[in-house]
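One structure is given below, encoded as structure tokens.
Heavy atoms only: backbone and side chains are in, while hydrogens, waters and symmetry mates are out. Letters A, B, ... mirror the listed sequences (proteins, then strands); counts begin at 1.
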Number of protein chains: 2
Amino acid sequence: MSESLNERSKRILEAIIEDYISTAEPVGSRAVLHRHGFALSPATIRNVMSDLEECGFLASPHTSAGRVPTAKAYRLYVDSLLQLRGIAEDEEAAIRRRCSIIGKDVAEILKDTSRTLSTISHYTGIVLAPRLAANIFRHIEFVKLGQRRILAILVSEGGIVQNKIFESDAELSAADLGRMSNYLNDLLHGLTMEQVRRRVLEEMQNEKVLYDTLLKSALEFSEQALEDEGSEVFIEGQANILEQPEFADLEKMKEIFRAFEEKNTLVSLLDRCMSARGVNIFIGAESRLSSLEGLSIVTSSFRTGANTLGVLGVIGPTRMGYGKVIPIVDYTAKLISNLLNSQ
Amino acid sequence: MSESLNERSKRILEAIIEDYISTAEPVGSRAVLHRHGFALSPATIRNVMSDLEECGFLASPHTSAGRVPTAKAYRLYVDSLLQLRGIAEDEEAAIRRRCSIIGKDVAEILKDTSRTLSTISHYTGIVLAPRLAANIFRHIEFVKLGQRRILAILVSEGGIVQNKIFESDAELSAADLGRMSNYLNDLLHGLTMEQVRRRVLEEMQNEKVLYDTLLKSALEFSEQALEDEGSEVFIEGQANILEQPEFADLEKMKEIFRAFEEKNTLVSLLDRCMSARGVNIFIGAESRLSSLEGLSIVTSSFRTGANTLGVLGVIGPTRMGYGKVIPIVDYTAKLISNLLNSQ
DNA sequence: GTTAGCACTCGTTTCCAGCGAGTGCTAACT
DNA sequence: AGTTAGCACTCGCTGGAAACGAGTGCTAAC
């Protein structure tokens with residue numbers, strides 16, 4: 001049972017996978033013949049298919065149905081059978097047209113990107129918003145909302161804005177808050193968030209600061225403001241999943257929508273893709289998340305320079321049109337990287 | 001066929017509606033008798049039900065099923081039959097525990113609120129984020145992102161932050177941007193957004209401004225930053241809809257999820273609730289949105305003083321537990337109003 | 001190694017009978 | 001006149017049997 005299939009077996013497996021991707025129905029020996037022009041008889045195909053099943057590439061739902069590719073088959077398919085033909089021109093144009101920056105905030109940009117991914121791919125788009133931690137400090141600002149209520153606004157590279165409301169012990173004037181902002185902006189200019197955090201802690205030991213209550217509370221506030229509030233996920237086009245015949249079963253569908261709402265698990269999955277360059281593919285159970293059984297995820301990270309800003313991708317059935325989706329995800333990630341790079 | 005039903009008919013209708021709300025199945029004459037202690041025979045109930053059908057309060061799916069309340073019946077029910085018993089203590093406690101302000105931004109607060117609404121009600125939560133237009137100016141800030149790329153941050157009352165990225169024609173230094181912010185903050189302090197907009201336009205005619213390019217571009221920028229980007233909607237707990245037996249049909253469900261994704265229509269519906277005080281209820285087709293057929297929406301607006309900030313509510317099947325949902329929505333709206341009121 | 005032929009498997013569809021919940025009508029009762 | 005018992009009737013649902021058909025695996029021949 002050698003794992004290295006011969007050329008013919010590979011071609012047949014490829015045909016079966018592509019057939020199944022387009023029809024969503026178990027494919028039988030005659031179907032392979034019909035739609036692809038092999039110069040072989042059904043019986044021969046059957047023999048090959050039987051071998052492929054033994055090697056774990058195919059499975060039969062029951063005796064008298066055709067066969068269905070396994071996760072292993074898809075893995076082989078995306079790794080060595082599939083030849084990427086690059087992104088289609090009209091798709092590229094559509095993505096470029098829909099992803100713009102001007103006049104939006106970053107959250108909006110990413111949400112629109114997620115929606116674009118879903119619309120173009122006809123599956124579900126997912127974008128993991130940038131995390132603060134890995135990023136570079138740009139600006140901090142405190143705004144007085146009420147007597148003691150203060151809004152902290154933190155801006156990092158690429159225009160990512162995080163803001164938080166909190167309450168101060170003492171009442172501070174708007175001018176005080178302005179001075180605090182200035183002090184911190186000078187102090188923290190150009191540092192990474194890691195460094196910012198360390199710097200704030202160091203500075204709190206500083207003698208001058210110890211005797212200046214204003215500076216002291218400035219540092220205390222910034223410490224609170226810096227607490228990373230966890231990443232945000234934008235999942236758009238969930239309804240596209242409903243079109244997939246394999247999820248016609250109500251129970252299965254509930255599970256998927258629950259998984260979409262339970263964003264933490266998705267975040268941890270996408271976190272794993274953060275560091276990897278290029279396109280990443282999880283097929284079915286490979287994600288180790290039982291709730292995503294039957295689903296595949298194609299992701300790529302976007303970045304400014306060496307900094308990974310976030311991850312975007314497409315979720316669809318394992319029976320996904322990888323040949324189309326992979327270039328889409330790849331291109332979109334690169335486009336967003338460029339857009340967020342402030343020159 | 002007098003529209004004013006006698007007391008007995010009302011009581012029977014009420015019993016039918018409540019039965020249907022809890023079972024989701026057409027209710028027959030015997031069921032009414034079983035679960036509520038009417039001193040009547042099934043035959044009498046049947047006669048009454050027949051009358052109620054003629055008046056348009058009931059409908060029968062087919063001859064041998066029981067009967068189902070119509071939208072008209074629910075309307076009568078919420079308007080005059082239902083007696084609200086106020087919110088349950090444990091629900092109130094749960095809502096209060098889940099809705100906090102400190103350490104979050106407003107978007108996060110509202111999203112969490114939407115989630116809370118869905119969790120407590122077991123239906124789907126919806127929150128329409130505050131619109132800028134109706135609100136009071138607090139702060140504006142420009143942050144330099146790249147050579148020409150600028151981030152504008154606009155804060156209004158309650159801590160609502162709106163930010164936008166745009167590009168300037170000329171390169172401006174960080175100090176320039178700081179001066180611009182200060183100038184505008186002085187100029188616009190305490191005005192409503194309406195007044196802010198007018199003030200900016202007036203000021204652009206000012207002689208002093210005409211000769212100061214910095215002031216001029218400050219005003220131009222603020223004009224761009226002020227453009228309202230439309231309201232944001234947070235819909236959480238969509239998966240709860242899947243639990244409702246009436247949406248077991250795949251087609252129906254697709255329609256609902258599409259409607260949830262097509263947020264514009266929902267926004268326009270919620271906009272209609274903005275001005276109304278107290279709890280608002282749309283039953284089924286009353287919303288005039290065909291995609292929401294079979295769904296009811298219970299909403300209430302939240303506000304600071306005279307200003308309506310936004311609308312929140314619950315979406316569920318017309319067969320919704322109004323008696324439970326109405327107090328929940330009412331209480332949550334009041335709570336959020338209080339929380340966003342910066343004293 | 002490949003192919004034709006054939007028996008066999010097994011899910012799907014169709015049809016029909018029987019069941020039961022619920023109604024509407026009529027006639028009797030208070 | 002309103003209420004009730006009785007009864008025939010409707011109609012969706014359930015379950016089992018039969019027919020169907022797609023697809024396989026095996027064997028024997030090429």
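A donor-acceptor pair shorter than 3.5 Å cannot be found between the side chains of Ser291(B) and Glu262(B). Judged purely by distance below 3.5 Å, without hydrogens or angles, the side chains of Thr124(A) and Glu236(A) never pair a donor atom with an acceptor atom. Side-chain contact, Asn6(A) with Ser9(A): a donor N or O sits under 3.5 Å from an acceptor N or O.
Between the CG atom of Leu33(B) and the P atom of dT23(C) there is a distance of 12 Å, rounded to whole Å. Note: CZ (Phe38(A)) to C1' (dT2(C)) measures 16 Å, nearest angstrom. Between Ile45(A) atom CD1 and dG25(D) atom C1' there is a gap of 16 Å when expressed in whole angstrom units. Distance, Leu58(A) CG to dG23(D) P: 14 Å, rounded to whole Å. Atom CE in Met49(A) sits about 9 Å away from atom P in dG23(D), given to the nearest Å. The nearest whole Å value for the distance from the NE2 atom in His62(A) to the C1' atom in dG23(D) is 8 Å. Taking atom CG on Asn6(A) and atom P on dG1(C), their separation rounds to 11 Å, with Å as the unit. Going from atom CD of Glu25(B) over to atom C1' of dG12(D) covers 13 Å, rounded to whole Å.
Out of dT4(D), dG24(C), dT3(C), the shortest distance to the side chain of Leu40(B) is found at dT4(D). If you check dG24(C), dT3(C), dG20(C) against the side chain of Thr44(A), the one that comes closest is dT3(C). In the set dC10(C), dT10(D), dG24(C), the nucleotide with an atom closest to the side chain of Glu53(B) is dG24(C). For Arg46(A), the listed nucleotide lying nearest its side chain is dG5(C); candidates were dA4(C), dT4(D), dG5(C).
A donor N or O paired with an acceptor N or O is not found under 3.5 Å between the base of dC10(C) and the side-chain atoms of Thr63(A).
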List the steps, then state whether salt bridge (charged side-chain N to carboxylate O under 4.0 Å, His left out) holds for Glu293(A) with Lys252(A).
CA-CA 9 Å; Glu293(A) 207 185 300; Lys252(A) 184 64 200 159; 5.4 Å; no

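When the side-chain nitrogen and oxygen atoms of Ser64(A) are compared with OP1 and OP2 of dG23(D), none of them lie within a distance under 4.0 Å. Taking side-chain N and O atoms only, Arg67(A) has a distance below 4.0 Å to OP1 or OP2 of dG25(D). An OP1 or OP2 oxygen of dT3(D) is reached within less than 4.0 angstrom by a side-chain nitrogen or oxygen of Arg8(B). In this model, the phosphate group of dT23(C) is approached by a side-chain N or O of Ser29(B) to a distance below 4.0 Å at OP1 or OP2.
Residues Tyr322(A) and Ser296(A) come closest through the heavy atom pair OH-OG, 2.8 Å.
Nearest-nucleotide mapping onto DNA chain D: of Asn47(A) and Ala31(A), the residue sitting toward the 5' end is Ala31(A).
In this structure, the side chain of Thr116(B) does not engage the main chain of Ile95(B) through any donor-acceptor pair within 3.5 Å.
A salt bridge links Glu91(B) with Lys324(B): at least one charged nitrogen is closer than 4.0 Å to a carboxylate oxygen.
Residue Ser60(B) is classed as having no contact, given no heavy-atom separation below 4.0 Å to the nucleic acid.
Paired with Tyr77(B) under the rule side-chain hydrogen bond (donor to acceptor under 3.5 Å, both in side chains), one option of Lys72(B), Glu18(B), Glu14(B) passes, and it is Glu18(B).
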For DNA chain D, the dot-bracket pattern of Watson-Crick and G-U pairs whose distances stay under 3.5 Å, | for other-strand partners:
||||||||||||||||||||||||||||||

